[in-house]
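Working notes, structure below.
Residue indices begin at 1 and follow the sequence shown. Values in this document were obtained by computation on a predicted structure and should not be read as measured data.
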Amino acid sequence: MNILKGALKMSDSDLSKMNIKSNQNRRHPNRNDESKMNVMGTKFEQTPSSPQARTEMLEFMAFLQDFNNELETTLDLIAPNPFLRMVLHLLEAHFDGKTVTPTSLISASRVPYATANRRLKDMHDAGLIEQRPRTQSGKSFSMHPSEKLLSQWVQLFGRLRRLGEAEFGGQLGNPETKDYYFGGSYASARSIPPLRALSKPLKLAGGIKVLVHGDPTFMIMDNLKRRFEQVIGTQIHQRAFSIDRLREEALRNAQRTNSQYDIIAVDLPWIGEFAEKSVLMPLDQAMDIAQLDPADFHTAGWKGAHWGGRPYAVPAQTTPELLFYRKDLFAKAGLTPPSTTDELLSSAQALHDPRHGRYGIAWNAAKGTALGHTVLMTIADFGQPVLNMPEIAGGYGTDDLASGSYRPTIDTERGLQAAEFLMKLMEYSPPDILSMSWYERVRPYASGKIAMAYGYTLLAPYFELDETSPACGQTGYLPHPTAAGIDPIAPVGGYVMGIPANLAPERVRAAVEALLVFTSPEAQKLYVQNGSCTIPRYSVGADPDVRRISPIFEAVDAMSWRDELQYWPRPPVPEICDIIQICGEEFHDMLRGIVSPREALRRSQGRADALFQPNQSP
């Protein structure tokens, strides 16, 4: 979990300065560096980045190795077991993302070369080891554990653990984690197994090139780059940008003859624009969609990746914006968690204590993109979309947006209610609220200065992973409180990953294979185990190992089943980024007291309408 500690100190303004080529920080597989660089370029101490499951498995293998050594050195009649020693070596390297060759396996066996070579062949014939060519000639191989070996090993671990507990009583290991054991959890029918290497490495000149957003989940993906390189069999070069620069770079890349990236990350609201401008290739043109198991994705995240009825990307992060609240402060004040906007204002007022350095609530109020998102979501909290979309069960319909028959709906009675709500919210916000954006609103919440904060789940590591934070273990998660009579909603955000439309044809197949790996349940579980708080798949949210990590996963899963995860508050039309920018500018003047709520609505509506009249300027 320590992966993120250095990176989570970055502000949104820091992110805007990023232009990182991850391969510059690439570590040699056999080099034991004393320090390394995270995706932000920040140096931090080398610490184990593995989840508890991987740690316990490695500890178990180390125990077996030590136990073998004791037997072989104490009892003269005990000979080295080449099968066990080669399996231990292979699995340890697999979990560490290191390359294993036949020579290194034979060396680990501690038996004569000829004997070890025969045993290696026996293991291959038994389907325990998979060979993968390392060169074009096919004469050099890397060795990988097969699915059969991984499954058998996990079962062995569980049986040995239970045997030990039956013989010696109690729970073995750390008493604080006595309800957890690696083999037991993976033996569950709902548990997701570890990532395994592709049977054939991807053959792609220069490796896989990925354009991403500089957020915690993609930072984790970069930190695990060596592991993924072992899985796909080629290098990964990842470039990260802030949200606005990411969009600019993706649009600029679309103008090139051939894409510089094999895969690009896309914010959900951009789908319509990127589809219309041929930035993304329709996925059904490049692959069989059934390979993705679409039913496993949260409905809102999967539907949000579509335009005109066609999928253009795969959900990589489904991260709803929720209300974070301090359960301990609410309990002390005798407050119940708010479900309506009126209750939210009452709770914020009760917990607002600026004289003692504590404020009621933090939210996105920085001018431009940040506040614009807040405006759209707040209007949705009062039961209205920002476009004239048809009302359907559970919200508003987005299926016909590609037809273009929509117009902005900002200057309305519900829009006025939303604007007045934001003005009231200002009264219980910190003094620097008008400069707070994605990261700045969560930092003071994590430090204990804020009682409540609107925030995406991907930002939860700020306090979930910091044991010194007053909010660690004391945070509750709610959908947005809504106006009386309006169903609760949790506006869905996050990123999807797609293939550029101008990608050279000879690279498309490999890009699809890499995309399948990066968005697989196995990969998504790995991200969570290393600190991510986003779960685009139902199977990952239901995984017992994942549920133990944080209550946020169960909360989001429940919201999804209750149909509270919705993406219509930020409809993915081509004009949405301009509408967000307009609202973020006009409402900022309102919050500063320069214009009234009605004037902010009128000006926002006028500029948004101009987007649909080519001869006028917004």
Spatial distance of atom OG1 (T318) from atom CH2 (W302) [nearest 0.5 Å]: 11.0 Å
Shortest non-hydrogen contact from G531 toward I220: C-CD1, 3.5 Å
Basic-acidic side-chain contact under 4.0 Å: K225, E229: yes
Short side-chain donor-acceptor distance under 3.5 Å, Y261 and E249: yes
Heavy-atom side-chain contact between D432 and M436 under 4.5 Å: yes
Worked verdict on V442 versus Y456 for side-chain contact (heavy atoms from CB on, under 4.5 Å): CA-CA 9 Å; V442 175; Y456 285 111; over 6 Å; no
Nearest-0.5 Å distance that lies between atom CD1 in I489 and atom CG in D381: 5.0 Å
F382 vs I486 side-chain heavy atoms within contact, under 4.5 Å: no
L422 vs W363, side-chain contact (heavy atoms from CB on, under 4.5 Å): CA-CA, chis, key distance, verdict: CA-CA 10 Å; L422 291 177; W363 41 292; 3.8 Å; yes
Separation of M559 CE from Q566 CD (nearest 0.5 Å): 13.0 Å
Pair F297-Y538, ring-ring contact (aromatic ring centres under 6.0 Å, His included): steps then yes or no: CA-CA 6 Å; F297 291 104; Y538 288 112; 9.2 Å; no
Any W438 side-chain heavy atom under 4.5 Å of T369 side chain: yes
More than 12 heavy atoms from other groups under 6.0 Å of CD on E427: yes
Ring-ring centroid check Y428 Y359, cutoff 6.0 Å: no
Where V540 and P521 come nearest, the two heavy atoms and their spacing: CG2-O, 3.8 Å
Smallest separation among heavy atoms of G493 and L268, with atom names: O-CD1, 3.8 Å
Side-chain donor or acceptor of R441 paired with backbone N/O of A365 under 3.5 Å: no
Between E440 and S437, a side-chain donor and acceptor under 3.5 Å: yes
Among F228, Y527, F218, ring pair (Phe, Tyr, Trp, His ring centres under 6.0 Å) partner for F518: F228
Side chain H588, main chain G368, donor-acceptor under 3.5 Å: no
D487 atom CG, neighbour heavy-atom count above 12 within 6.0 Å: no
Pairwise side-chain contact, Q524 with I535, heavy-atom cut-off 4.5 Å (strictly under): no
side-chain contact (heavy atoms from CB on, under 4.5 Å) partner of L565, the single match among V556, D557, T299: V556
Any donor-acceptor N/O pair, D267 side chain to P269 backbone, under 3.5 Å: no
Backbone of H352 reached by a side-chain donor or acceptor of R358 within 3.5 Å: no
Separation of M590 CE from C583 SG (nearest 0.5 Å): 10.5 Å
V528 vs D543, side-chain contact (heavy atoms from CB on, under 4.5 Å): CA-CA, chis, key distance, verdict: CA-CA 11 Å; V528 170; D543 187 281; over 6 Å; no
Under 3.5 Å: donor-acceptor pair, side chain of S429, backbone of I433: no
Flag, side chain of R245 to backbone of H213, donor-acceptor distance under 3.5 Å: no
Side chains of S560 and H298, donor plus acceptor under 3.5 Å: yes
T475 (side chain) donor-acceptor with F324 (main chain) under 3.5 angstrom: no
Donor-acceptor pair between T534 and T457 side chains, under 3.5 angstrom: no
Test salt bridge (charged side-chain N to carboxylate O under 4.0 Å, His left out) applied to R592 and D589, step by step: CA-CA 5 Å; R592 291 168 59 202; D589 285 346; 3.4 Å; yes
Min side-chain heavy-atom separation R326-L351 under 4.5 Å: no
Parallel, tilted or perpendicular, as decided by the 30° and 60° cut-offs, for the rings of F463 and Y445: perpendicular
Heavy-atom pair of closest approach, residues L371 and F587: CD2-C, 3.7 Å
E321 and N364: side chain donor to acceptor below 3.5 Å: no
Side-chain touch M423/L591, heavy atoms, less than 4.5 angstrom: yes
Note, E343 side chain near P481 side chain (heavy atom, < 4.5 Å): no
side-chain contact (heavy atoms from CB on, under 4.5 Å) evaluation trace for I576 with L376: CA-CA 10 Å; I576 196 64; L376 267 61; 3.7 Å; yes
Nearest atoms (heavy-atom pairs only) where D328 meets P470: OD2-O, 4.5 Å
Any donor-acceptor N or O pair under 3.5 Å, side chains T468, D466: yes
Min side-chain heavy-atom separation T319-D215 under 4.5 Å: no
D545 with R548: basic N within carboxylate O range, under 4.0 Å: yes
Aromatic ring pairing H480/Y454, orientation class (parallel under 30°, perpendicular over 60°, tilted between): tilted
